[in-house]
2 protein chains.
Amino acid sequence: MVARVQPSVAPPMRLASPGAGKLGEVSALDEVGSLQHETLGERVTGELRALLIAGRLAPGEKLSLRRVAEALGVSMMPVREAVSRLAADKALEVLPGRAVRVPVLTLAQFRELTRIRLVVEGFAAEEATKVITDAQIAVVAQHEAAFLAAAKDPPDPAAAVGANRDLHFALYEAAGMPSLIEMISRLWLKAGPILNLDMRHEPRRLDGGSAVVAHAQLLDALRRRDPAAARQALVEDISAAADHIERTARLAE
Amino acid sequence: MVARVQPSVAPPMRLASPGAGKLGEVSALDEVGSLQHETLGERVTGELRALLIAGRLAPGEKLSLRRVAEALGVSMMPVREAVSRLAADKALEVLPGRAVRVPVLTLAQFRELTRIRLVVEGFAAEEATKVITDAQIAVVAQHEAAFLAAAKDPPDPAAAVGANRDLHFALYEAAGMPSLIEMISRLWLKAGPILNLDMRHEPRRLDGGSAVVAHAQLLDALRRRDPAAARQALVEDISAAADHIERTARLAE
DNA sequence: CCAACCTAACTGTGATCACAGATCACGACA
DNA sequence: TGTCGTGATCTGTGATCACAGTTAGGTTGG
């Protein structure tokens with residue numbers, strides 16, 4: 001039921017034994033940024049986020065705190081924190097007395113989400129085009145190549161989903177607006193389950209689809225430094241995907 | 001507004017005693033929507049949200065889970081959940097080993113936030129203008145009147161802050177896009193501490209300021225059903241406020 | 001008088017326990 | 001055979017305890 005979450009390997013590092021180093025020597029310790037000290041709850045949050053955005057968790061699927069905790073090898077406490085965060089983003093929802101599940105979007109909700117994505121991600125693409133560097137364009141092109149390869153003869157839906165995500169976010173991050181990235185991530189978190197669950201079930205959509213032409217137009221616009229054209233290409237990419245979802249996926253109500 | 005699915009308001013009704021109604025008759029039980037059962041953690045979250053958006057918590061102010069718990073008369077547990085949610089929205093931040101505090105925005109962060117607000121809230125205003133009803137316009141006008149009254153001779157900063165918030169959200173809600181409202185709420189949550197902390201300290205900004213003329217232009221555009229003009233009025237409102245903050249408030253870095 | 005150390009009181013994080021409510025399946029009654 | 005009641009089992013929520021890490025304050029040594 002919980003799709004067997006694997007804990008993405010815990011960092012198996014051992015801290016230096018006490019008294020191993022000399023005091024007073026300015027070593028490489030100065031360059032280490034007080035190592036992140038990643039909380040267990042944060043790790044669980046990231047794990048669940050990845051699962052959601054990749055469509056590994058289907059809409060309506062119920063999650064159990066205890067099951068997830070056991071699957072990840074942690075206590076129930078960090079899972080509670082992770083679920084609380086994701087529920088605050090409405091990436092998960094806790095029903096009044098029942099369990100916690102991944103939300104099922106109604107048609108109206110999906111359409112609203114798409115409209116917002118058009119505005120926000122379109123803005124991000126426009127701003128990114130204004131300041132993007134050649135190196136960053138090359139990275140985007142690289143992800144596009146990976147996307148094409150994954151869509152080829154033996155289609156690899158999982159790889160295509162990942163490449164598509166990397167491509168979009170490589171573009172958005174070029175805008176240099178962290179809060180905007182965070183906002184778009186939240187949108188993807190909510191739309192991910194339907195979008196990618198579908199792509200997983202219908203790999204035929206990948207080859208010859210509108211995604212490849214939209215991506216090509218996007219890269220062309222980037223190289224010409226044409227913000228309006230970049231936005232237009234992205235709008236077509238999102239719109240085409242949304243249209244396909246509306247036609248094929250089963251949306252509530 | 002937070003995590004739990006809200007069961008459409010709790011009607012204060014008593015269930016019929018067993019055997020009181022005939023079967024087959026559609027009784028009032030069909031209209032009851034499973035009363036709310038608000039969680040303690042949600043209440044704490046709402047409390048902290050209100051404090052943040054009203055500017056009652058200054059940027060950089062440190063919070064202690066135990067102190068907050070004691071102040072609200074609850075255990076530390078609900079506070080942890082509330083802080084986790086707000087930290088996920090970056091409305092609060094938890095420093096590596098220290099305490100949790102309300103974030104201090106850098107100038108760059110504040111400018112980015114303002115740019116995003118211009119896009120998102122401008123979009124909301126435009127969409128709202130297309131479908132707003134006369135009754136909804138009247139509500140907006142009512143809040144504007146309250147704002148004017150609060151800005152008058154004995155300026156009441158707290159009331160002005162509240163009226164300004166109600167005015168904006170009354171407009172945004174007219175667009176009928178719940179996810180958009182939620183997104184804007186998050187933006188206000190992050191910008192609230194500086195914006196309203198300032199307004200609390202500088203009530204002179206209220207009278208004769210640009211807010212009143214921007215609001216007047218907004219209402220005029222609404223009555224003429226001119227989406228572009230409404231967006232323009234809102235853009236000016238936000239920009240003027242942001243300019244004032246940049247000139248007076250102390251922003252980090 | 002200043003600096004450094006060292007102790008004591010805090011911090012958030014995680015685990016464990018207790019509890020009310022909901023779900024589900026089995027069994028009894030009509 | 002269909003339907004309702006009922007108990008076992010599961011759910012999330014909240015409280016309490018334990019712990020590592022940091023901070024601040026007071027004291028001691030120079």
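Residue numbers begin at 1 in each chain, while the letters A, B, ... track the order of the sequences.
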Q.
Need one value for B:Leu63: base, sugar-phosphate or nothing, where a base atom within 4.0 Å counts as base even if backbone is also close, heavy atoms only.
A. sugar-phosphate

Q) Does B:Ser64 place a side-chain N or O at less than 4.0 Å from the phosphate oxygens OP1/OP2 of C:dT11? A) yes

(Q) Please report the distance, rounded to the nearest Å, between CG in A:Leu65 and C1' in C:dG21. (A) 15 Å

Q. Would you say the base of C:dG14 and the side-chain of A:Arg80 have a donor-acceptor pair closer than 3.5 Å?
A. no

(Q) Could you tell me how far apart A:Glu81 (CD) and D:dG12 (P) are, to the nearest whole angstrom? (A) 16 Å

Q. Is there a donor-acceptor pair under 3.5 Å between the side chain of B:Glu246 and the backbone N or O of B:Asp243?
A. no

Q. What integer distance in Å separates B:Glu42:CD from D:dG14:C1'?
A. 14 Å

Q: Round to a whole Å and report the spacing from CG of B:Leu40 to P of D:dT13.
A: 11 Å

Q.
Could you measure the distance from the CD1 atom of A:Ile116 to the CD atom of B:Glu182? Nearest 0.5 Å is fine.
A. 8.5 Å

(Q) Without decimals, in angstroms, what is the distance between B:Arg66 CZ and C:dA9 C1'? (A) 11 Å

Q: Return the set of residues passing side-chain hydrogen bond (donor to acceptor under 3.5 Å, both in side chains) with A:Arg117 (not counting sequence neighbours), or none when no residue passes.
A: A:Glu121

Q. Checking all strands, does B:Val100 fall into the base, sugar-phosphate, or nothing category for heavy-atom contacts under 4.0 angstrom?
A. sugar-phosphate

**Q.** For atom CE of B:Met76 and atom C1' of D:dG14, their distance in whole Å
**A.** 12 Å

(Q) Parallel, tilted or perpendicular: which one describes the rings of B:Phe169 and B:Tyr172, with boundaries at 30° and 60°? (A) perpendicular

Q) Within this structure, what is the CE-to-P distance between A:Met77 and D:dA15, rounded to whole angstrom? A) 11 Å

Q) Among the nucleotides D:dA15, C:dG14, D:dT13, which one has an atom lying closest to any side-chain atom of B:Pro78? A) D:dA15

Q. Taking atom P of D:dG12 as reference, at what distance in whole Å does atom CZ of B:Arg85 sit?
A. 14 Å

